[in-house]
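Note sheet for the following structure.
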Amino acid sequence: MSHYSEKMSLMRDPRDQYPRPPFEKQPQDAPGLDRKMKPEPDHGEKSYVGSGRLEGRRALITGGDSGIGRAVAIAYAREGAEVTINYLPQEQPDVDELAALFDKEGLVLHQMPGDLTDEDFTRALPGKAKEKMGGLDVLVNNAGKQVFQEDVGKITTQQFDRTMRTNIYATFWLCQEALEIMPPGASIINVTSIQGYDPSETLLDYATSKFAIRGFTLGLAKTAIEEKGIRVNGIAPGPFWTVLQPSGGQSQEKVTKFGEKSPMGRPGQPAEIAAAFVYLASHESSYTVGTILSVTGGEPTA
């Protein structure tokens with residue numbers, strides 16, 4: 001049995017599987033870097049074991065440099081998929097680490113840096129990914145912007161606009177373009193949030209965008225499967241330990257307590273959600289359409 005397999009076969013109490021708060025205060029300028037977090041997030045680098053479930057697929061993942069997107073990139077590649085990630089140029093140090101991991105395992109990581117608030121860039125992304133990989137079978141709309149504000153009156157029009165353009169406009173643009181070039185059997189996975197069900201008063205613009213992604217996903221799913229044979233689904237993460245949180249997504253006081261109110265008493269790690277993305281990208285979920293999978297550590301979404 002391999003080291004990976006041994007690690008995955010262990011029975012563990014999930015409450016104590018990963019670090020629990022309190023955590024250190026650790027402010028970073030947005031968009032932040034995973035490598036500076038304490039403790040560093042687990043993206044499945046040493047634990048995710050592939051079994052060929054995505055052999056031959058070509059996937060585009062936004063926000064693939066860190067956090068959930070990084071975990072998905074690792075899982076997809078180990079499942080046999082060819083992977084292209086999009087990210088902001090400032091996040092290149094995290095991408096370099098991920099690329100080194102891929103290279104060590106004999107994998108290829110295609111890199112497409114750029115700002116998703118730029119409509120021309122974003123609309124061109126699916127086509128360029130298709131050209132680079134020879135096709136596009138999976139689109140994961142994961143990139144997100146989250147800014148903590150104590151009061152709704154402190155949310156500027158500029159902040160609101162950038163949150164919407166990053167989270168919902170980009171999802172809309174990418175889905176429009178991808179649906180024109182993806183084959184029947186392809187899969188689109190949009191990332192909403194527990195905030196799209198139970199909004200925090202300090203994240204109102206972010207929560208609004210996540211409600212919008214839920215509605216867009218559910219509305220698009222029916223026409224996409226009927227007219228294109230393409231499955232559209234979503235995933236709603238709960239509190240996950242990603243660089244989004246200390247780089248302005250939460251106050252530093254909330255960072256120290258992040259995840260403590262979940263039933264597990266801790267935040268999720270990116271490695272703990274990657275398999276949900278694999279399921280929705282694979283033919284194992286061929287009858288799953290217009291569904292939002294909740295991975296929230298026990299926090300209800302209904």
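If you read the sequence from its start, that first residue is 1, and numbering goes on from there.
A pairwise comparison of heavy atoms in P183 and L136 identifies CD-O, 3.3 Å as the closest pair. What you find for I74 and H43 is that their closest heavy atoms are CD1-O, 3.7 Å. Here the closest heavy-atom approach between residue T288 and residue N233 is recorded as O-ND2, 2.9 Å. Among all heavy-atom pairs drawn from I292 and A236, the shortest one is CG2-CB, 3.8 Å. Nearest heavy-atom pair across A71 and P270 is CB-O, 3.4 Å. The minimum heavy-atom distance between A271 and G44, with the atom names listed, is CB-N, 3.4 Å.
Without hydrogens or angle criteria, S294 side chain to T296 main chain gives no donor-acceptor distance under 3.5 Å. Looking only at distances, no side-chain donor or acceptor of T166 sits under 3.5 Å from a matching main-chain atom of T163. Between the side chain of T301 and the main chain of Y197, no donor-acceptor pair closer than 3.5 Å is present. R57 places a side-chain N or O within 3.5 Å of a backbone atom of A281 that can act as its donor or acceptor partner. Judged purely by atom type and a 3.5 angstrom limit, N190 has no side-chain atom pairing as donor or acceptor with the backbone of G234. The closest donor-acceptor contact from the side chain of R20 to the backbone of M264 lies under 3.5 Å. Side chain of D205 to main chain of M164: no donor-acceptor pair is present (N/O by atom type, distance under 3.5 Å, no hydrogens or angles). When atom types are taken as modelled, the side chain of Q28 and the backbone of L33 share a donor-acceptor pair closer than 3.5 angstrom. Y76 contributes a side-chain N or O that, together with a main-chain N or O of F277, makes up a donor-acceptor pair within less than 3.5 Å. Side-chain atoms of Q26 come within 3.5 Å of backbone N or O of E24 as a donor-acceptor pair.
Put simply, CD1 on I188 and CZ on R231 are 10.5 Å apart, with the number rounded to the nearest 0.5 Å. With rounding to the nearest 0.5 Å, the separation of OG in S209 from OH in Y169 is 12.0 Å. Within the model, atoms NZ of K128 and CE of M112 stand 7.5 Å from one another, a figure rounded to the nearest 0.5 Å. One distance of note links CD1 of I225 with NZ of K222; it measures 12.5 Å at 0.5 Å rounding. Rounded to the nearest 0.5 Å, atoms CD1 (I155) and CD (Q149) are 6.0 Å apart. In this structure, R165 CZ and L116 CG are separated by 11.0 Å, a value rounded to the nearest 0.5 Å.
Looking at N141 and V191, their side chains never come closer than 4.5 Å, going by heavy atoms from C-beta outward. Contact of the Y87 side chain with the P113 side chain is registered, since non-hydrogen atoms from C-beta on lie closer than 4.5 Å. P184 has its side chain out of reach of K228: every pair of non-hydrogen atoms, C-beta onward, lies at least 4.5 Å apart. You'll find the side chain of Q159 stays beyond 4.5 Å of the side chain of K154, heavy atoms only. The shortest side-chain heavy-atom distance between L220 and L179 falls under the 4.5 Å cut-off. Counting heavy atoms from C-beta outward, V72 and N142 have side chains that stay 4.5 Å or more apart. The side-chain heavy atoms of D34 and E40, taken from C-beta on, include no pair separated by under 4.5 Å. In this structure, V83 and L109 have side chains that are in contact, with non-hydrogen atoms separated by less than 4.5 Å.
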In sequence, state the C-alpha distance, the side-chain angles, and the governing distance for Q176 and R123, and then conclude on side chain to side chain contact (heavy atoms under 4.5 Å, CB included).
CA-CA 8 Å; Q176 274 192 323; R123 285 193 178 278; 2.7 Å; yes

Going through the distances and angles, do E253 and K25 end up as a side chain to side chain contact (heavy atoms under 4.5 Å, CB included)?
CA-CA 7 Å; E253 184 61 32; K25 292 182 179 180; 4.0 Å; yes

Please lay out, stage by stage, how N86 and F121 fare under the test side chain to side chain contact (heavy atoms under 4.5 Å, CB included).
CA-CA 11 Å; N86 160 258; F121 168 80; 3.5 Å; yes

Would you check, one step at a time, whether the test side chain to side chain contact (heavy atoms under 4.5 Å, CB included) holds for D115 with R162?
CA-CA 11 Å; D115 190 340; R162 191 163 185 85; 2.7 Å; yes

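Separation of the W241 and Y18 ring centroids does not fall under the 6.0 Å cut-off.
Clustering ILVMFWY residues whenever any of their side-chain heavy atoms sit less than 4.5 angstrom apart, transitively, puts L218 in a cluster other than the one holding I168. Note on I68 and V138: same hydrophobic cluster, where clusters join Ile, Leu, Val, Met, Phe, Trp and Tyr whose side-chain heavy atoms are under 4.5 Å apart, directly or indirectly. When the side chains of ILVMFWY residues are joined at heavy-atom separations under 4.5 Å, either directly or via intervening members, I273 and I189 end up in a single hydrophobic cluster. One hydrophobic cluster, built from ILVMFWY side chains closer than 4.5 Å, holds both I85 and L54. V295 and V140 fall within the same hydrophobic cluster, defined by Ile, Leu, Val, Met, Phe, Trp and Tyr side-chain heavy atoms under 4.5 Å apart, directly or through other members.
Residues that satisfy the side-chain hydrogen bond (donor to acceptor under 3.5 Å, both in side chains) test with D96, not counting sequence neighbours, are Q92.
A donor and an acceptor atom, one from each side chain of R266 and Q17, are nowhere located under 3.5 Å apart.
With respect to E82 and R58, no salt bridge is recorded, no charged nitrogen being found less than 4.0 Å from a carboxylate O. Salt-bridge formation is not detected for the pair E260/K254: no Lys NZ or Arg NE/NH1/NH2 atom is positioned less than 4.0 Å from an Asp or Glu carboxylate oxygen. Remark: R70 does not engage E91 in a salt bridge, criterion side-chain N to carboxylate O under 4.0 Å. Classification of E105 and R78 as a salt-bridged pair holds, one side-chain N sitting under 4.0 Å from a carboxylate O.
Atom CG of D29 has 12 or fewer heavy atoms from other residues, nucleotides or ligands within 6.0 Å. No more than 12 heavy atoms of other residues, nucleotides or ligands lie within 6.0 Å of CZ in R15, so this atom counts as exposed by the packing criterion.
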